[in-house]
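Taking it in order: structure first as structure tokens, then the write-up.
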Amino acid sequence: MTARASFYGLILLLALLPSRPALALLPYLASETAVPVEQGKSRLDVSLSDERWRRTLSTFALTTELSSGLLNNLDFSVDVSYRFRKERQDSDEDGLGDLKLKAKVRFIKGREANPVSIAGQLTVKFPSCNEDKRLSHECTGEADVGVRAIASKEFFPMMVHLNLGYIFVGNPPPENLDGVLTDRSLDDVLSYSVAFDYLVVADYFHVVGELAGETNRDPNASADPLSALVGLLLDLDRGKVLSLTGSHALTGPSPNYGGSIGFRYLF
């Protein structure tokens, strides 16, 4: 309850601050936009999410991402979360999630005659979480490196985003179980997603959707994660946007269902 109270308190505080024009909010499971943060500006994203994997397991995360436009067509982001894991037949766990650093470069800028933006992104995951707490499937105690190609195209009043990525997964060392070394090697991950943002009411109300999947990093898994998301965005003011989303599993390895509330502030 303390984390929830802190989150809503932060939203109230930010809502009272002066603001500037905002970029479109992207409250997706995996998708990114090819449009980087404008040079000289910064963007703060805060989200509160709850995922239910089955009747006995739920995970909760408070995530913060700070992005800055370092140069024209180049931005840099820092992403960190605090995670909670609750299982009915086990003790609850909580702790810091993995720290992620991201750099995005836009190679082609969309124009009126050809409104397509193309970008590439590099992501490095640092193992700041405690792997023994099993706070997420990414919490392996090893670093990962990911690359992603992003295309965003405007079909006014809709924007569509296509993402294709590859993650080089760091393999944890073999685990010693009762004197026997057990291999814990993981597979690299191919990720893909398509997302849209549809402007329903001019300048302030959007409907969003996403289909996101990836290959399973567990070599013994029988299926790959695949989820669908729908949501609403509300432009509260110039530079401040509120989002509300819900997601549902399309395959077994994904959370059965989930929900999130998010806030973006551009300054």
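Count residues from 1 along the sequence. Keep in mind that what you see is a predicted model, and the values were worked out from it rather than measured.
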Less than 4.0 angstrom from a charged side-chain N to a carboxylate O is my criterion; do Asp187 and Arg217 meet it?
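Looking at Asp187 and Arg217, the cut-off is not met.
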Carboxylate-amine/guanidinium proximity below 4.0 Å for Lys102 and Glu65
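Between Glu65 and Lys102 there is a salt bridge, with a charged N closer than 4.0 Å to a carboxylate O.
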What do the steps show when you test Glu138 against Lys100 for salt bridge (Lys or Arg N to Asp or Glu O under 4.0 Å), and what is the final call?
CA-CA 11 Å; Glu138 295 182 345; Lys100 295 181 181 180; 3.1 Å; yes
Tyr198/Phe196 aromatic ring centres below 6.0 Å:
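Between Tyr198 and Phe196, the centre distance exceeds or equals 6.0 Å.
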Give me the ring orientation class for Phe168 and Tyr166: parallel if the planes are under 30° apart, tilted from 30 to 60°, perpendicular past 60°.
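Geometry flag for Tyr166 against Phe168: perpendicular rings.
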Quick one: does any side-chain atom of [X] pair with a main-chain N or O of [Y] as donor and acceptor, under 3.5 Å?
X: Thr245; Y: Val230; answer: no
X: Thr123; Y: Gly146; answer: no
X: Thr64; Y: Val46; answer: no
X: Asn163; Y: Ile150; answer: no

Quick one: are Thr63 and Asp79 in side-chain contact, heavy atoms under 4.5 Å?
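In contact.
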Please tell me if the side chains of Val78 and Leu99 come closer than 4.5 Å, counting only heavy atoms from C-beta onward.
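Of all side-chain heavy-atom pairs linking Leu99 with Val78, at least one is under 4.5 Å.
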Asp188 and Ile167: which non-hydrogen atoms are nearest, and at how many Å?
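What the structure gives for the nearest pair is CB-O, 3.3 Å.
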Tell me yes or no: between the side chains of His161 and Ser152, is some donor less than 3.5 Å from an acceptor?
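Their side chains do contain a donor-acceptor pair, which is all the 3.5 Å distance test asks for.
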